[in-house]
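Structure first, then comments.
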Amino acid sequence: ALSFMLENLAKPVILTGSQLPIGDLRTDAKENLITSIQMASLQIKGRPLIREVGLYFEYKLYRGNRTTKINTEHFEAFTSLNYPILAESGVNHSVNHNALYQPNSRKKLTVHKQLCSDVLLVKLFPGISEDILKLIFQLDTVKGYIIETFGSGNTMTKDWFINFLKATIKKGIPIINVTQCNGGSVAMGKYETSTRLKSIGVISGKDITTESALAKMMYMLGEKVSAKTFKTIFETSIRGEMA
């Protein structure tokens, strides 16, 4: 969310945490905290080297909007399957310069504070009920839907399901297609089970994470992006959140 809220960010914003409390003998908090400060302090020619929102955890710096949590118990709790790490900590810091986000240095920082949280995430599963989905897609307060689909963006092809989606889109409510898989990308039209989604105007989330898709939709709805341009903007990377 911070990556979308902080447009033209020209300095590091690095989040960190720990799996064990900082007072625990085996804590990972101290290393994570100290090294995240070091990462934020890296400079090149007097300017910050990291100029984006990042997440530092267990020796690795990730792009925040490309990261997802994969484990509740291991120290290596996060990963970024669709984008390389920004930097790695060892005896020395190893920075992947080609992966770093390059903001437009000519533009001033703009902070966007209006996020619309009237969005709904729908995780599809085999045998999902028509009656339940009918209720979900008829909710008056929802301004945008994200559907977690199978594989590369596939769903059931039953007419009632497609008609729910079509009627929702006709009302000017965007629907984003993201994959349930941790890695990989949505490719609507690759298989027959996603061809109709593409034809009715469902928006491709490409290789965006579910978390980032939610945050981006909240940001765009908060900015009151028009229905005519919503699809084009969402399918375009604006903070390095998708390929």
Side-chain angles (χ1 to χ4, degrees), residues 1 4 65-72 79-83 115-222 225-238 241-243:
F4 299 112
N65 59 29
R66 286 284 198 152
T67 310
T68 191
K69 192 167 187 178
I70 57 167
N71 203 295
T72 62
T79 192
S80 174
L81 289 172
N82 287 334
Y83 198 77
L115 297 179
C116 175
S117 59
D118 296 330
V119 302
L120 190 61
L121 173 64
V122 182
K123 190 180 185 77
L124 299 183
F125 57 88
I128 192 168
S129 166
E130 177 181 354
D131 291 336
I132 289 176
L133 281 178
K134 184 177 181 179
L135 291 172
I136 287 173
F137 284 103
Q138 287 181 346
L139 291 171
D140 294 333
T141 55
V142 178
K143 294 183 174 63
Y145 289 90
I146 292 173
I147 54 173
E148 273 196 352
T149 57
F150 313 120
S152 57
N154 306 305
T155 66
M156 62 280 243
T157 56
K158 294 180 179 178
D159 288 337
W160 61 260
F161 176 70
I162 300 299
N163 289 336
F164 285 164
L165 302 184
K166 187 187 296 186
T168 302
I169 293 169
K170 282 187 176 181
K171 290 189 289 186
I173 299 173
I175 298 177
I176 314 299
N177 184 357
V178 300
T179 177
Q180 294 180 15
C181 303
N182 287 329
S185 177
V186 163
M188 289 192 297
K190 184 176 182 180
Y191 299 105
E192 185 180 353
T193 45
S194 64
T195 300
R196 295 180 71 184
L197 301 185
K198 186 176 181 180
S199 67
I200 64 174
V202 172
I203 299 170
S204 174
K206 299 184 179 180
D207 63 347
I208 198 169
T209 65
T210 297
E211 299 93 330
S212 192
L214 282 163
K216 186 173 184 177
M217 176 174 271
M218 289 180 185
Y219 159 72
M220 290 178 61
L221 290 173
V225 175
S226 69
K228 289 183 179 180
T229 59
F230 200 98
K231 184 177 188 295
T232 300
I233 295 175
F234 196 99
E235 292 182 347
T236 302
S237 177
I238 58 176
E241 73 282 359
M242 60 170 60

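Values in this document were obtained by computation on a predicted structure and should not be read as measured data.
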Yes or no on side chain to side chain contact (heavy atoms under 4.5 Å, CB included) for Tyr145 and Leu139, after CA distance, side-chain angles and deciding distance? CA-CA 11 Å; Tyr145 289 90; Leu139 291 171; 4.2 Å; yes

Apply side chain to side chain contact (heavy atoms under 4.5 Å, CB included) to the pair Gln180 and Leu124, showing each step before the final yes or no. CA-CA 9 Å; Gln180 294 180 15; Leu124 299 183; 4.2 Å; yes

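Asn65 and Ser212 share no donor-acceptor pair across their side chains, judged by distance under 3.5 Å alone. No donor-acceptor contact under 3.5 angstrom links the side chains of Thr229 and Thr232, judged on distance only. Side-chain contact annotation: Glu211 with Thr68, donor-acceptor N/O pair under 3.5 Å present.
Residues Trp160 and Lys134 form no side-chain contact, since every pair of their non-hydrogen atoms from C-beta on lies 4.5 Å or further apart. No side-chain heavy atom of Asn154 sits less than 4.5 Å from a side-chain heavy atom of Thr149. No side-chain heavy atom of Asn177 sits under 4.5 Å from any side-chain heavy atom of Ser204. Annotation: side chain of Val119 is not in contact with side chain of Ile146 (no heavy-atom distance under 4.5 Å). Residues Asp118 and Leu221 fail the side-chain proximity criterion, which asks for heavy atoms closer than 4.5 Å. Looking only at side-chain heavy atoms (C-beta outward), Val142 and Phe137 stay at 4.5 Å or farther from each other. With a 4.5 Å cut-off on side-chain heavy atoms, Asn182 and Asn82 do not count as touching.
Minimum heavy-atom separation, Phe161 to Leu197: CE2-CD2, 4.4 Å. Of all heavy-atom pairs between Pro174 and Ile203, the closest is CB-CD1, 4.0 Å. In terms of heavy atoms, Thr179 sits closest to Val186 at N-CG2, 3.5 Å. When all heavy atoms of Ile200 and Ile169 are compared, the pair lying nearest together is O-CD1, 3.5 Å. When all heavy atoms are compared, the tightest approach of Gly153 to Ser194 is O-CB, 3.3 Å.
Thr193 places no side-chain N or O within donor-acceptor distance of the main-chain N or O of Thr155, the cut-off being under 3.5 Å. Checking side-chain atoms of Thr67 against main-chain N and O of Thr79 turns up no donor-acceptor pair under 3.5 Å. In this structure, the side chain of Asp207 engages the main chain of Ala243 through a donor-acceptor pair within 3.5 Å.
The neighbour count for Lys158 NZ, taken as heavy atoms of other residues, nucleotides or ligands under 6.0 Å away, does not exceed 12. Counting non-hydrogen atoms of other residues, nucleotides and ligands closer than 6.0 Å to NZ of Lys231 gives a total above 12.
Annotation: the span from Leu120 atom CG to Leu214 atom CG amounts to 9.0 Å, rounded to 0.5 Å. For the atom pair CE (Met242) and CZ (Phe234), the distance works out to 5.5 Å, reported to the nearest 0.5 Å.
Exactly one of Arg66, Lys216, Lys206 qualifies for a salt bridge (Lys or Arg N to Asp or Glu O under 4.0 Å) with Glu241. That residue is Lys216.
Under 4.0 Å is where a charged nitrogen must lie from a carboxylate oxygen, and between Asp159 and Arg196 at least one such pair does.
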